[in-house]
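Everything below concerns the one structure shown next.
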There are 2 protein chains.
Amino acid sequence: MTGDAMTSDAMTSDAMASDAMRRGPAAILLRQLDNAGYRLTEPRRAILTIIAGGHERFTSAELLDSVQREASSIGRATVFRTLDLLTAVGILQRVHLDDAGCHSYVVCGRAHHHHIVCANCNRVMDFEQGEVEALLARLGERHGFKVEGHHLEVYGRCQDCQAATHN
Amino acid sequence: MTGDAMTSDAMTSDAMASDAMRRGPAAILLRQLDNAGYRLTEPRRAILTIIAGGHERFTSAELLDSVQREASSIGRATVFRTLDLLTAVGILQRVHLDDAGCHSYVVCGRAHHHHIVCANCNRVMDFEQGEVEALLARLGERHGFKVEGHHLEVYGRCQDCQAATHN
DNA sequence: TTTACTGCAAACATTTTGCAGATGT
DNA sequence: ACATCTGCAAAATGTTTGCAGTAAA
C-alpha cells in the first residue's frame, strides 16, 4: 500500500546473487534457515536477499511486489509459504499496523522484543523490554490478572526525522 | 472462529426489541450513536443490541454469525459498515489478535486505554494507561525517538480462570 | 534417489462497492 | 421531502490449497 517500499534502491539480480547474498545480511538469515533444517532453495535465497536488502518492516503486498519485480519467476504461493516459514523459524515477526492493511513483518533474529517505528522514515528500532514487562506484570496484578503475553507497537519520530521536514 | 462466541445466551428477538434495548447496555451505545449525529436505524439497533449482549471482544465473523442467527434480514455489508461506523464513533475499538484471524473488536466507550484479555474466558479488562505512556515516552527518548502513539495488547489469565481448570 | 519444495491455477475467506429502493428525521 | 441508510449481488482483496513437476540433500 505504501507502494515504493523496498524497491527504491534495489540492486540488479546479478549483484543480488553474487555480492549481497554471500556476505550481506541475508547470509545470516540463510544460516538460520539452514540451521533449522530447511532447504536453501533458490526462491528462498532470493526472497531472503530481498528482505535483507529492504526496509526493516514490510507487508506481504510490498514483498510480493518486490519479488515480482526482481525475481518474477517466483510464485505468490511461494512468497506466502516463505513468509510463514520465516515467521515460524523466528527470522520474521508478524506485527499489526492499522494503517498498513493488516499483517506486517519485521526482520527480527532475536527472541522477543519491542519495536518502535518511525512514522516518517519507517525506520524500526528495537528497545529493551524488561521495563515494559515489569510494568505490565505490575498492572496486571493490580487487577488480579496473571500476565502471560503481550503485543506492543510504538509509533513515533526518530531523531533524524524530528529535525527534517515533516511529511 | 471460536464458534460459540456471543450466541450462547442470546435472547429471542422479542426480548431483544423490548427489554434489553430499552434499558440494557445497548441503550448507552445507542445514545452515543445518536449524539454523534447518526440515524438510529433498525439494523443499527439490532446490531448494537447483539454487541451489547455478547462478549466484550469479538471478531467480525462472530458478529456476522450472530446477526445471521438473530436478525437474518440484515446484510453482510451493513454489518461491516456498522462496524466501521461504531469504530469511528468510538463505541468499538479495533484490536489485533494473532489467534483470532485478524481484526477483533472490543466494546469501549472511553477515549483511549489498554485492554487485558483473559486467554481462558475472553474477559476483557481495561487498565489505566498513564504509567504505560510515561514508560514508553521515557524509553523512546532514550533512543532519540519522540513517541507519538502506540498499540498495546496484553494477554493473561483473570483471577477466576487462574483458580478454575485451565483449558 | 528421495523427499521437500515449487509454480500454477483454482479455491477460499474476507471486506468493499455500486446501485436501486427503503427508511429515519 | 429528502438525505441517509439498507440489501443485494458482484467485485476486489488477500491468502491458501491440490497437484504434477523440479530440485535440494
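Because the structure is predicted, anything quoted here is derived from the model rather than measured.
Spacing between atom CZ of A:F80 and atom C1' of C:dA9 amounts to 15 Å, rounded to whole angstrom units. The distance between atom CZ of B:R76 and atom C1' of D:dC8, rounded to the nearest whole Å, is 9 Å. Distance B:I47 CD1 to D:dG7 C1': 12 Å, rounded to the nearest Å. C:dC8 atom C1' lies 14 Å from atom CD of A:Q68, rounded to whole Å. Regarding A:R45, its CZ atom lies at a distance of 12 Å from the P atom of C:dT6, rounded to whole Å. The CD1-C1' distance, from B:I74 to D:dG7, rounds to 11 Å in whole Å. Distance, B:Y105 OH to C:dT14 C1': 11 Å, rounded to whole Å. Remark: C1' of C:dA13 and CG of B:D65 are 14 Å apart, rounded to the nearest angstrom.
Near-neighbour residues of DNA chain C inside residues 33-41 of chain B, defined by a heavy atom below 4.0 Å, number-ordered: B:R39, B:L40, B:T41. Within residues 81-88 of chain A, the residues approaching DNA chain D are A:R81, A:D84, by heavy-atom distance under 4.0 Å.
Residues B:P43 and B:T82 are not in side-chain contact: their nearest non-hydrogen atoms beyond the backbone lie 4.5 Å or more apart. Proximity of B:L85 to B:R81: side-chain heavy atoms (C-beta onward) are nowhere separated by under 4.5 Å. Contact annotation: the side chain of A:F58 never approaches that of A:S104 to less than 4.5 Å [non-hydrogen atoms, C-beta and beyond].
Each of C:dG24, C:dG7, D:dT15 was ranked by its minimum atom distance to the side chain of B:E42; first place goes to C:dG24. Checking D:dT6, C:dT6, C:dC8 against every side-chain atom of A:A77, the shortest atom distance belongs to C:dC8.
Taking the screw axis at each terminus of the helix from C:dT1-D:dA25 to C:dT25-D:dA1 from five consecutive base pairs, the angle between the two is 40° to within rounding of 10 degrees.
Here the closest heavy-atom approach between residue B:S60 and residue B:F80 is recorded as CB-CE2, 3.9 Å. Taking each heavy atom of A:T49 and A:A26 in turn, the nearest pair found is CA-CB, 3.8 Å. In this structure, B:I47 and B:T78 approach most closely via the heavy-atom pair CD1-O, 4.3 Å.
Of the listed residues (A:I51, A:D84, A:L29), just one forms a side chain to side chain contact (heavy atoms under 4.5 Å, CB included) with A:L92, and that residue is A:I51.
Contact annotation: B:S60 reaches the phosphate of C:dT15 (side-chain N/O to OP1 or OP2, under 4.0 Å).
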Would B:D34 and B:R44 count as a salt bridge (Lys or Arg N to Asp or Glu O under 4.0 Å) if you check the C-alpha gap in whole Å, the side-chain angles of each, and the deciding distance to 0.1 Å? CA-CA 11 Å; B:D34 195 20; B:R44 285 175 183 169; over 6 Å; no

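Under the 3.5 Å distance criterion, the side-chain polar atoms of A:E62 are matched with a main-chain donor or acceptor of A:T59. At least one donor-acceptor pair closer than 3.5 Å links the side chain of B:R45 to the backbone N or O of B:L40.
For the atom pair CZ (B:F145) and CG (A:D160), the distance works out to 9.5 Å, reported to the nearest 0.5 Å.
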